[in-house]
Amino acid sequence: MAASSAKRRHKVRRRADMSLLGGIRPPIAVLSALLLSLAGITALGFGRAGEESVPKAVMTSQQHFAEDGAVAMRASIDESAADLARTAGLFNAGDPAQPDAVVDKIGSVYQKWVGTAVVEISSGKMLAARGENVPVAAIDTSKLSEKDGLSPRMVRLANGETRLLSLQLLSWKGQPQQLLIASSSLRFPGISLGKFRSIAVIDSTGRILSSDGIPESEQVVTEYQRTGIERSKKQLSAFAKVAAKRAKEHPLKANDPGEGGYLGVSGSLRGDTSQGDRAIAGYAALTGPEPGKGTVATSLGLTVVAMVDVAEDPTRVTDPLFGLLAAGALLLIGALAVGVLLGTVQRPLLRLFLESRRLTRDDLTRPVSVPRFGEAARIGQALERLRRQLLGERTDAEGAGGPKSGRRGRIGARALLAVSGILLLVWSAPMLLLLNRADATAVVPEQITNDQRERTDTLSDRVRRSLNEGHADLVSVAGLLGERTSPEDMTKVLDRTRSDHSRYRSLYVRTGDGKIVAQSGESPRLPEDKKSENKDGHPFADPITVLNDSGTEPVIASYAELPGRDGSTVIGEFRIDFINSLLKRPGLGEIRVVDAERRVLGGNTGYLAFEKLPSARLTELAAGTSQKTGISARAGGIVYRDGGGVQVAGAAPFVGGGAAKSLNWMVVSWQPAAGLAIPEYSLQNRTVLAGLLGITAAAACLGWLHIIVVRPLREVAKQAEALADGDRRTVLYPRHHDEVGAISRSLELLRQQVLEQRKRDGAGATAPAAVRAPAGRN
């Protein structure tokens, strides 16, 4: 039996000699490495938060500005092509029309083309023309039947300007086929440039096709101004070359992570400096409204470039000394925290590990070195008592083995971990909650406020133009529904119009007495049998109006009168989702469309219909912006500072003609400055990140240490005390192959030794006296 016991002890010792992959060393080593890394990041990273003379937020804003221009350009080109195609289709579906009547009708409904013409294809004869001379000679009529023969094309005029030609066929049975041509300039519709900004559209080679914002040399009077104009033109041309090259990249490779929202290639560029002003630009290639879906405009290979001069700030917002001091403090506090773990947790545990192994090797001459604190002290006391028991001394809880079990070590390992955690929290908590707060000191660049105002103005004009386009569609449809058009044919026209344009939820023809004779789409929300509300026999007072003032969503409708049908009108109800989709622009924050009473009608995020704006300041901004300055009201932008932080806001009323003018709506946008890449907020974000990293490192490593070491150690301490107190039946099993597990295995070996000793002592006590007597005489 002694041989088998020795064999078991040898086997357990061999397992204890295995290399320890876990244990107490790895979490403390990882914590030390993480704190050193965090100190390095802190020392190197904080000095770079404000090094750029032009903040990243300004660069990103120019990128978004160019994206707005690209969206507006793409929408304008696609809308023009769709309107021309739909108008030609409506003419083709009716009786043959005179060429002059065709171009007159187009000119009276749409004012978007600079010139229109009708040409007989077979002979090339000009049948009718309006507006600017259309470059008909640039069109090869013999290739119209080929694939993409009717696709829009760009033509450069003799004066250097570029025109976009849209083509459609006019076909009636028994008559020669005709070609309808509409010419438009590549100018941006409704883009608010503000001061000192220019914008251009370029082709795939970088050639500028159209530009705005830079005056001609003859429009200025001083030589200094002429020099500035020449510099701006040269810089814009340089930007155009670079933008055209980058526009050929894949969107996922061109855009930086986190700057999504635009499906195509976009970015920002940094130019030369002149008298303290640096030229910066944003560019965006025309892309479709949905991923992978091309349009007429995207096939042209156009790119928008927006340029502005920004005053540079040569001073740094941050001092590198802060990062160095913070890193030094972390090194000091981290060294103290790691020192606490090494001195009070790791070293006593390793000493116990060696002492327990010594006892299992029958080295019982020296007393056990008992640690001073925690569970290690309790285990040390138990080992000492077991050593004395193996030497044959009689001990109990109050015996010579020392003080009562568990009296020493009231400060446990958990308390020591908490001390280390508190030390690390002393550094992390101020970084997370107190230091480098930006709300009181943040300087919002003036260009950010200007861009918020101008982009909001551009968005307001886009919504207004979309409503005007919707009304123009209804006027065009109404002009084709003559006196002899049957309800069935009316329904076909309405179905075709609604399928061509996603802006309508419902289209219907309503008579003067309120009867609906043709309908397409969802049920009308204008009550049936309700007679006309004004003296002219129209269904409502203005061409575009909101039919309700409460409910879950506003009902926005427009009408156009049918000629010669006794007050009958075609009415279109707009989808509110269509209006909301126009507002989804990155970099503007929250956006709302409000009516003249400042009630919310639409937005790019969650809202309640007909609710008020979320703050009194935004209401005041909207009210002040709606006041006329000169001929009309102007857009406004402002920076708010209050208890809720710094906020950039803009408001822009509907300005311009068309049916939507009478609505008196406006677009309001606002966003927290904390979300912008402004140096002060970049410094704050890095400070908060450093605090979070410190807390995370401490929680991860100390939690790891508690789970892997402290909890098993507490359990081993209880088992060791029970074994020393006389529990010989409980078998001790290690949880992990580490220091604590090795101590547990040693305690199991000591338990077996005590049991073997008891058996030997019991066998000696029961031996016969006859056998013992001779031995005693010897």
Side-chain angles (χ1 to χ4, degrees), residues 79-110 112-153 155 164-184 296 472-501 507 509 517-518 520 560-565 568 570:
E79 186 73 26
S80 296
D83 288 340
L84 192 67
R86 185 180 53 81
T87 302
L90 292 175
F91 274 115
N92 291 333
D95 297 332
Q98 294 296 322
D100 286 323
V102 172
V103 294
D104 287 339
K105 183 64 177 180
I106 292 176
S108 63
V109 175
Y110 302 105
K112 62 181 67 177
W113 293 294
V114 297
T116 54
V118 176
V119 178
E120 188 177 88
I121 296 178
S122 58
S123 63
K125 179 181 178 182
M126 177 76 72
L127 302 179
R130 296 292 186 274
E132 183 182 86
N133 290 333
V134 177
V136 178
I139 302 174
D140 188 355
T141 56
S142 63
K143 297 182 179 181
L144 295 177
S145 59
E146 298 180 359
K147 183 180 179 181
D148 299 329
L150 294 175
S151 299
R153 61 207 63 190
V155 177
L164 178 63
L165 302 183
S166 300
L167 313 177
Q168 288 296 329
L169 295 177
L170 296 175
S171 302
W172 293 284
K173 186 177 181 180
Q175 292 195 6
Q177 203 171 38
Q178 301 170 6
L179 180 65
L180 175 61
I181 308 172
S183 173
S184 58
V296 172
D473 291 339
L474 298 180
V475 173
S476 177
V477 170
L480 297 175
L481 300 179
E483 299 179 3
R484 295 176 294 178
T485 305
S486 64
E488 291 78 11
D489 291 337
M490 289 182 181
T491 302
K492 292 179 181 179
V493 173
L494 297 180
D495 287 339
R496 183 185 306 169
T497 302
R498 200 172 63 85
S499 64
D500 291 341
H501 299 283
L507 286 171
V509 176
V517 297
S520 176
E561 186 175 1
L562 273 64
R565 296 190 68 105
S568 294
V570 56

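None of these values were measured; they are calculated from a predicted model. Here, residue 1 is the first one in the sequence, and each next residue gets the next number.
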- [ ] Enter the distance from S184:OG to E132:CD here, rounded to the nearest 0.5 Å.
- [x] 10.0 Å

Task: K105 atom NZ: more than 12 heavy-atom contacts under 6.0 Å - done: yes

Open item on the list: Go through it in stages, so that I can follow the logic: the residues are T87 and V102, the test is side-chain contact (heavy atoms from CB on, under 4.5 Å), and I'd like the CA-CA distance, side-chain angles, deciding distance and then a yes or no.
Closed with: CA-CA 9 Å; T87 302; V102 172; over 6 Å; no

Open item on the list: Rounded to the nearest 0.5 Å, what separates atom CD in Q98 from atom CG in D104?
Closed with: 11.0 Å

Task: Derivation and outcome, side-chain contact (heavy atoms from CB on, under 4.5 Å), residues V134 and T116 - done: CA-CA 7 Å; V134 177; T116 54; 5.7 Å; no

Task: Residue pair I139 / L179, side-chain heavy-atom distance below 4.5 Å - done: yes

Open item on the list: To check you understand the geometry: which heavy-atom pair defines the closest contact between D489 and T485, and what is its length?
Closed with: CB-CG2, 3.8 Å

Open item on the list: Counting only heavy atoms not in N92 (residues, nucleotides, ligands), do more than 12 fall under 6.0 Å from its CG?
Closed with: yes

Open item on the list: Rounded at 0.5 Å granularity, tell me how far CD in E79 sits from CZ in R86.
Closed with: 8.5 Å

TODO: Locate the shortest heavy-atom distance separating S151 from L167; write the atom from each residue and the value.
DONE: O-CD1, 4.5 Å

Task: P99: partners by side-chain contact (heavy atoms from CB on, under 4.5 Å), with sequence neighbours left out - done: V118, L127, A128, Q178

Task: Which atom of L164 lies closest to which atom of P152, heavy atoms considered - done: CD1-CB, 4.0 Å

Task: Shortest non-hydrogen contact between I106 and L84, atoms and distance - done: CD1-CD1, 4.3 Å

Listing, residues 169-177 side-chain donor-acceptor contacts under 3.5 Å, not counting sequence neighbours, or none:
residue, atom, partner, partner atom, Å
S171, OG, Q177, NE2, 2.8
W172, NE1, F91, O, 3.0

Task: Test item: L507 and V493 side chains (from C-beta on) under 4.5 Å apart, heavy atoms - done: no

- [ ] Give the minimum heavy-atom separation between P563 and A478, together with the two atoms involved.
- [x] CD-O, 3.4 Å

Open item on the list: Suppose we screen for side-chain contact (heavy atoms from CB on, under 4.5 Å). Which residues come up paired with V517, at least two apart in sequence or across chains?
Closed with: M490, V509, T511

- [ ] Give me the one residue out of D83, L165, V103, I181 that meets side chain to side chain contact (heavy atoms under 4.5 Å, CB included) with W113.
- [x] D83

